[in-house]
Each structure stands twice: as C-alpha cells, then as structure tokens.
A.B. asks: 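Below: one structure in structure tokens.
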Protein chains: 2
Amino acid sequence: MNVSEAIISSVSVKPTPARRRAGPSDRRPTLKDIAAELGVTAATVSNAYNRPDQLSPELRTRVLETARTLGYAGPDPMARGLRRGRAGAIGVLYADRLSYAFKDPVAVALLAGIATAAEAAGLGLLLVPGSPREERDLDAARRAAVDGFVVYSMAQEDPLLSAALERRLPIVTVDMPGRSAAPSVAIDDVASARTVAEHLVGLGHRRFGVLSLELTPDVRSGLADSSRQQAASYPVSRGRLRGYREALEAAGLSWDEVPVQECAENSVEEGRAAAERLLERGSGPTALLAMSDALALGALEAGRRAGLTVPKDLSVVGFDDIPEAAGATPPLTTVHEPHLEKGLKAGEILVALLAGEEFPSVVTLPTRLIVRGSSAPPGASGPPR
Amino acid sequence: MNVSEAIISSVSVKPTPARRRAGPSDRRPTLKDIAAELGVTAATVSNAYNRPDQLSPELRTRVLETARTLGYAGPDPMARGLRRGRAGAIGVLYADRLSYAFKDPVAVALLAGIATAAEAAGLGLLLVPGSPREERDLDAARRAAVDGFVVYSMAQEDPLLSAALERRLPIVTVDMPGRSAAPSVAIDDVASARTVAEHLVGLGHRRFGVLSLELTPDVRSGLADSSRQQAASYPVSRGRLRGYREALEAAGLSWDEVPVQECAENSVEEGRAAAERLLERGSGPTALLAMSDALALGALEAGRRAGLTVPKDLSVVGFDDIPEAAGATPPLTTVHEPHLEKGLKAGEILVALLAGEEFPSVVTLPTRLIVRGSSAPPGASGPPR
DNA sequence: GTTCAAGTCTTAATCGATTAAGGATCGATA
DNA sequence: TATCGATCCTTAATCGATTAAGACTTGAAC
C-alpha cells in the first residue's frame with residue numbers, strides 16, 4: 001500500500017479571556033421570576049410546563065411567552081428531579097475506563113443497545129467514569145444522578161459494584177450471571193466455550209493453549225496456575241475457562257497440562273504477546289483457545305511471526321465475533337455473541353423496572369459457533385471445504 | 001470463506017413479579033435519619049461527607065458507620081446538585097439518534113475523546129437522546145441534568161441546538177465553525193476538501209462526481225442543485241463542498257457540470273446507491289469525491305458492481321480516515337481527521353469553562369491528505385509506485 | 001334562588017441536601 | 001483569673017421546583 005501523507009492545516013488556537021462571573025442581576029431566571037412577572041404563583045407556572053390542563057390556554061401561552069422573553073429555559077432539571085424523585089437517566093457502570101470502553105467494539109455494541117432502550121424511553125445515558133477504583137471513582141458512582149444502573153462485566157467483589165448496590169437503585173447486570181439478586185442478561189459462557197473447544201477436539205487437536213481474559217481485577221498477565229484459576233472473579237472468564245476444561249476433560253485430556261496465559265488487557269497486542277509465550281513452550285500447542293477475538297487476532301499475528309501457517313500448523317479460535325473477525329486472515333472461527341441485543345435487553349429490563357412493570361429476571365441470549373478459516377485438523381493443508 | 005454456524009444456546013427467560021412498592025418504613029434513609037440516629041444535626045452529617053475537617057474524626061467515623069448500618073449511600077445526588085449548582089456531568093448533543101452514534105466510527109472516536117476529558121475531570125458523560133426532533137426530544141435536552149454541553153455537527157438552525165443554547169449553559173461546539181459565540185473545535189473543511197480535490201486534479205482528472213453528506217436536516221437523497229447547495233446548513237457539508245468547488249474551478253472546470261449526489265445517511269449503502277446513480281450518467285465521471293469514508297466505501301462497491309477497476313477506471317477519495325479505510329480494496333485515499341483529539345479538546349475546553357479558567361475559543365486541528373491506492377491518473381494501470 | 005360541577009388559580013408542605021455565621025467548650029497563655 | 005484562639009457542633013436560610021388540597025368564579029340545571 002503506497003501511502004503518502006501531507007499535512008493540510010496545523011493547529012490554530014484563538015484565546016479568549018475567562019468569562020466574568022454572572023452578577024446577581026443577570027442570574028438565570030427561575031419559575032418564581034416568571035410567576036412574579038405575570039402576577040401569578042409559581043405553581044401556575046409549573047403547571048404551564050407540566051400539566052397544561054390545569055390552567056387556561058391563554059394564561060399558558062402568556063407564561064411561555066414571558067419565559068421566552070426573560071430567557072427562562074424551563075424548570076431546572078435538578079430541582080425537578082429532586083422533587084419528582086427521578087433523574088431521567090440511566091447509569092452505565094463499566095469495569096474499565098470510559099476511554100477504553102469506546103475503543104472496544106464489544107463495549108460499543110453493548111452501549112448502542114442500552115442507548116437504544118434509553119432513547120425509546122426518553123431517558124439519558126450517563127456514562128460513569130471509573131476504573132482505577134480510587135475513592136474518587138466510587139464517589140462518581142455514588143454521586144451519579146441516575147434512576148438505575150446497567151452494570152457490565154464486573155468482578156463480583158468490585159468496590160464500584162458495591163458502591164452502586166449500596167444506592168439501592170434498580171440494577172440490571174450484563175455478563176455477570178449468578179450472585180447478585182439483580183436481573184441479569186448474559187449468554188451461556190460455559191456452554192459456548194465448551195462448544196468451541198469441542199469443535200477443536202473434534203478436528204483432532206490434543207495439545208491446547210488458552211489465552212485468557214483477566215481472571216481478577218488486579219491487572220496481571222502471565223501463566224495462571226490452578227489456584228489462580230480457582231480464584232477467578234470475573235464471571236465471564238470463569239465460565240469460559242470452565243467450558244474449555246469440560247470439553248477437554250471429556251476428551252480425556254488432563255487440564256493441568258493445558259497452559260492458561262492470562263492477558264492483562266483485552267487487546268490484540270496482549271494476545272500476541274501471550275500467544276508467543278504459549279508457542280515457545282516445549283511441545284507447542286496445535287490449537288489456541290482465545291477468550292476474545294481481540295486476543296485471537298493477536299494469536300494469529302503471533303503465529304505469523306513464528307512462521308506458522310494458520311490453520312495448517314496452528315488453529316486459533318476466538319470469542320465475540322467482532323466485525324474484524326470475519327475480515328482477518330484467515331477469517332476467525334469464533335463464537336458469535338449478540339452484543340447489541342444484550343445491551344438492548346438490559347436497557348429494556350431496567351426501563352421496565354423503573355416503570356414498576358413485570359420484567360424477566362434472567363435472560364440468557366443465544367450464541368452460535370461460527371466456523372471460518374482459522375481452524376482445521378492439525379497438520380491439515382486447509383480447512384475442510 | 002467457509003462459514004458454518006451452530007446455535008449453542010437459545011433464549012431463556014426467567015420471569016419475576018414486579019417488586020412491591022417500598023413502604024414508608026423502609027424508604028431510603030436521608031441525611032436527617034442518620035443525624036437523628038446519632039443525636040446530631042444534618043449539617044454535621046453533611047460535613048462528615050463533604051468537609052471532614054469540620055468535625056472530630058471520631059464523630060465522623062461514627063457517622064459513616066451509622067450510615068452503613070442504616071443503608072445510607074451518601075448524600076442524594078440530585079439534592080446535592082441542586083444546592084451546589086452543579087450536576088457533575090457533561091451533556092453530549094448529537095445530530096442523529098444515539099443508537100446511530102454508536103455505529104458510526106467517527107462519532108465513537110469523538111465520544112471517546114470527550115469521555116477521556118470528562119473522566120479526567122471526574123465528570124460523567126450524559127448522552128442526550130434526540131433526533132426525530134419532536135417536542136419530546138427537545139425536552140430531553142432541556143431536562144438533562146448537566147453542567148454544560150458538547151454539541152456535535154448539528155445544523156445551525158437545529159431546534160435541538162436552540163433548546164440547548166436557551167439553557168445558557170457553557171457550550172462547546174465541534175465541527176460547527178462560525179455562527180455561534182461558543183468556543184469551537186473543528187478542522188479546516190474547506191482547505192482539506194480543496195486539497196483532496198486538487199490531488200485528483202493533479203492526477204489529471206477532469207470529470208468529477210461528488211458524494212455529499214446531508215446538506216440540511218430534512219433527510220433527502222438525490223441530486224443537489226445549486227439552490228440546494230446554497231441552502232446547505234450543515235457546516236461540514238457546506239465547507240467541504242466549497243473546498244471541492246474551489247479546487248475544480250481553479251482548474252478551469254465548471255462547477256455547474258459537476259453532479260452532487262446527496263446521501264440521506266452516512267452509510268456505505270447510501271454511498272453505493274448514490275455512486276451508482278453518478279456512474280449511470282452520460283459521460284461517467286473518472287473520479288468521485290466522497291465527503292466521508294463510509295460513502296467512499298460504498299462508491300468502491302458501486303464501481304465493482306459496474307465492472308470498473310479502481311483506480312484504473314475510477315478514482316475514489318474519501319474523508320475521515322476511519323479504520324476500515326486502510327483495509328479496503330483498494331486502500332482508500334482520504335483525508336485524515338484527528339477525531340479523538342477533537343473530542344478530547346472539546347471536552348477539555350468545556351471543563352476549563354466550567355472551572356472558570358482561560359480557554360481557547362477556536363481550535364482548528366490539523367488534517368492530512370493520505371494517498372493510498374484508490375486514486376490514480378485516469379486510465380492508469382495502477383497507482384504510481 | 002339554591003345547588004352543583006367545571007374550570008382556574010393559590011396555599012403550603014415538601015423533596016434532600018449545603019454552608020455561612022454563630023455559640024459553646026476547653027486548654028493554654030499572660 | 002481574664003482573654004484568646006482552636007476545635008466542634010448547631011442555627012437557619014436557601015437551592016428551584018412539584019403537587020395535593022382548597023378557594024373562588026361562573027354558568028347551568030332544577
């Protein structure tokens with residue numbers, strides 16, 4: 001690819017002095033100001049906005065007009081929220097930093113789903129900052145003006161989760177089956193992982209390696225021994241690990257001999273590094289089970305660098321079915337997850353909860369094994385055609 | 001690509017009856033309840049949370065303990081917000097539906113930038129629903145509990161923008177140079193468009209077609225005549241159109257003879273449809289100027305379907321430099337925009353505004369022409385190597 | 001000429017907190 | 001012992017709205 005670049009414009013900045021503080025005279029008008037101007041009470045003005053049937057159409061028109069001329073933009077959201085006991089927004093709690101969430105296609109799809117549900121209900125979507133899990137971040141969750149939370153893929157003992165639960169607001173969890181009493185939306189991680197592992201077993205593979213997502217929130221990468229596997233607190237990682245294990249043990253393999261490389265981050269880069277370490281080992285694996293497509297894409301790269309041909313010398317399977325998976329070389333065999341639907345469903349349940357309606361407490365969405373070109377029998381010249 | 005699929009798990013739902021309404025006895029505790037329990041005043045409890053130096057450490061500990069046992073999660077965000085006059089969140093106003101925003105890589109990158117700035121300031125990010133521009137949507141903007149807005153790529157006369165401006169909150173606009181007095185972050189659309197058009201002119205092209213983004217918010221697709229071009233109210237489309245025009249006229253071409261196909265949506269599909277219509281015309285163009293990469297990708301597809309080889313028979317250039325651009329076949333020549341930086345800068349300016357600090361009122365970020373494989377001299381066998 | 005309902009606006013309590021200013025206590029200093 | 005400054009807590013006003021219940025007016029029905 002012949003790429004030439006030319007800078008067109010450079011940064012230009014026009015400075016402006018800080019604005020002067022608004023004096024008492026030009027402060028923003030309130031309900032009362034409108035009321036005073038018209039010689040009516042605040043209640044009437046409030047009604048003009050919230051219950052038009054409670055006052056004569058003419059007066060209402062006058063109220064709205066006066067509001068316009070005085071520059072009143074309607075009832076203060078915070079005051080209204082306080083009085084009505086509703087914030088008009090749904091909060092989203094995510095295990096990682098916000099800035100990371102937007103880079104992860106899976107998280108983006110999930111957010112799109114939640115946003116759709118929120119939008120349909122006329123609610124805003126408040127993304128709560130947080131990740132380093134300092135007191136400051138917990139406060140952000142405690143101080144978020146929301147009516148409920150959608151919590152996504154957090155460890156059971158995450159302090160951010162506790163902070164949210166303490167608020168006793170309606171909560172829906174995503175990808176966090178089990179423990180909490182809150183309604184939850186998820187896939188069957190165990191079955192899905194088992195299926196993709198069985199696929200490889202069925203192709204004849206006997207030597208495996210696992211590229212794992214984080215097991216606990218302590219950001220560690222490296223080989224995860226059995227005690228660390230036991231300690232896994234991210235339900236997703238825990239479930240997928242168990243599925244892999246069930247499939248391999250059912251095939252008569254010893255799980256203890258399967259190296260599990262934990263990646264501190266769900267990125268191609270980390271996946272590559274981890275895969276390289278797995279490939280370096282004595283009797284290298286013929287198949288890699290990656291807990292995400294990002295990790296699997298990294299594994300493909302590691303294979304290439306090691307001079308291996310996928311899938312002839314090495315099979316690689318992922319999980320998630322992100323858009324890039326189909327376009328990879330070779331296209332990635334993976335488990336398709338309905339990310340957008342997960343978010344949508346979670347959002348809908350939360351909205352129902354807020355409305356006091358009936359709602360399903362546990363939703364398990366379907367997944368599909370998608371066999372593409374990155375998996376084949378060991379030593380085969382290509383995928384079965 | 002040999003894809004086989006197998007459904008692993010199907011939907012499963014476990015219903016739960018609606019929760020009973022919380023009675024008066026088990027209502028959530030307030031500051032006062034904690035205060036009463038300890039025999040102190042509400043002010044003291046408030047201080048325990050907000051100004052630890054204002055009370056003895058022992059009492060503070062007791063307050064926090066009592067709060068825990070009584071299930072008090074800290075001061076109510078709304079009440080606190082009302083009293084302090086701060087919502088603790090930044091609002092984002094987007095021209096399209098939220099659900100669409102998450103599907104557009106450009107919008108996602110921008111959001112990532114804003115989120116980063118918000119996160120650094122400990123502020124939440126409130127995505128405000130809105131798009132069909134019904135009264136309901138305007139209300140969403142009016143009722144959003146935020147301290148300020150980042151407004152992204154909206155038409156000057158958009159009622160949603162007016163609704164936001166009426167609130168008299170700090171506002172930063174992105175990709176909306178000109179009109180409003182608010183600080184703004186943008187690129188130089190005119191210069192960038194001129195440059196990419198000059199690139200094609202320089203390669204020897206004389207017959208052009210333009211794939212335009214929406215010109216006004218009325219969702220129309222079709223050929224845009226000169227009066228409609230005049231009426232363009234989206235600053236981005238307006239600027240790029242002008243840049244194209246300047247470059248072509250400078251080359252001695254008549255702008256009136258350049259067909260401008262407007263696309264109702266920034267999607268590959270719309271781009272393909274529009275490009276097909278341009279290619280059907282009498283003396284087909286040898287080069288297509290697309291205002292976005294999504295449209296350009298559609299144009300590539302249209303070219304393929306028409307049996308044309310890009311860039312031999314047809315040159316196509318985009319705008320944005322989304323990730324898919326580099327991976328397209330052939331790789332897309334385009335204008336690189338710093339999307340993430342735009343969001344970051346806008347967020348930072350808004351944060352500064354809120355803090356009453358100095359801030360730049362106009363920031364123009366640099367762009368770069370990136371020449372890849374989709375542009376070449378007309379009739380050439382390939383891009384220059 | 002009552003009575004009544006409908007329509008229109010007001011009264012007054014309330015949502016849950018924050019904060020400047022003031023009062024009480026206490027040991028230390030002169 | 002009177003004075004002073006800290007330390008610790010309370011008083012009371014305030015943020016900007018919502019809403020159930022009540023009061024007043026008016027015209028119609030009996």
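Because the structure is a prediction, the values reported are computed rather than measured.
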A.B. asks: Output the distance between atom CG (B:L93) and atom CG (B:D158), rounded to the nearest 0.5 Å.
C.D. replies: 8.5 Å
A.B. asks: Map A:Q54 and B:P57 onto DNA chain D by nearest heavy atom, then report which one ends up closer to the 5' terminus.
C.D. replies: B:P57
A.B. asks: Distance check, rounded to the nearest 0.5 Å: A:I114 atom CD1 versus B:L127 atom CG?
C.D. replies: 10.5 Å
A.B. asks: Using side-chain contact (heavy atoms from CB on, under 4.5 Å) as the criterion, point out the one residue from A:P360, A:S361, A:S184, A:P170 that pairs with A:I349.
C.D. replies: A:P360
A.B. asks: Rounded to the Å, how far apart are A:R51 CZ and C:dC9 C1'?
C.D. replies: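 Checked: the CZ to C1' distance equals 13 Å.
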A.B. asks: For B:E348, is there an ion pair with B:K345 - N to carboxylate O distance below 4.0 angstrom?
C.D. replies: yes
A.B. asks: Using a strict heavy-atom distance below 4.0 Å, which residues from residues 42-50 of chain B are in contact with DNA chain D?
C.D. replies: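 Hits under 4.0 Å, by residue number: B:A43, B:T44.
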A.B. asks: Using the rule side-chain contact (heavy atoms from CB on, under 4.5 Å), only one of B:V174, B:L110, B:D104 pairs with B:Y94; which is it?
C.D. replies: B:D104
A.B. asks: For DNA chain D, which residues in residues 67-75 of chain A have a heavy atom at a distance below 4.0 Å?
C.D. replies: A:Y72, A:G74, A:P75
A.B. asks: Charged N to carboxylate O below 4.0 Å: is that the case for B:D76 and A:R167?
C.D. replies: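 Salt bridge: no.
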A.B. asks: With a 4.0 angstrom cut-off to heavy atoms of chain B, pull out the first and last contacting nucleotide of DNA chain D, in 5'-to-3' order.
C.D. replies: D:dC8 to D:dG16
A.B. asks: Just to verify, which of A:L59, A:T61, A:T66 counts as forming a side-chain contact (heavy atoms from CB on, under 4.5 Å) with A:V63?
C.D. replies: A:L59
A.B. asks: Hey, which sits more toward the 5' end of DNA chain D by its nearest nucleotide, B:L82 or B:T41?
C.D. replies: B:T41
A.B. asks: Side-chain contact, heavy-atom cut-off 4.5 Å: B:V151 with B:V172?
C.D. replies: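 Result no, sub-4.5 Å side-chain heavy-atom pair not found.
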A.B. asks: Distance alone, cut at 3.5 Å: any donor-acceptor contact between the side chains of B:S233 and B:Q156?
C.D. replies: no
A.B. asks: Consider only side-chain N and O atoms of A:R80 and A:N50, and report whether a donor and an acceptor are under 3.5 Å apart.
C.D. replies: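 A pair is found: one side chain offers a donor N or O, the other an acceptor, under 3.5 Å apart.
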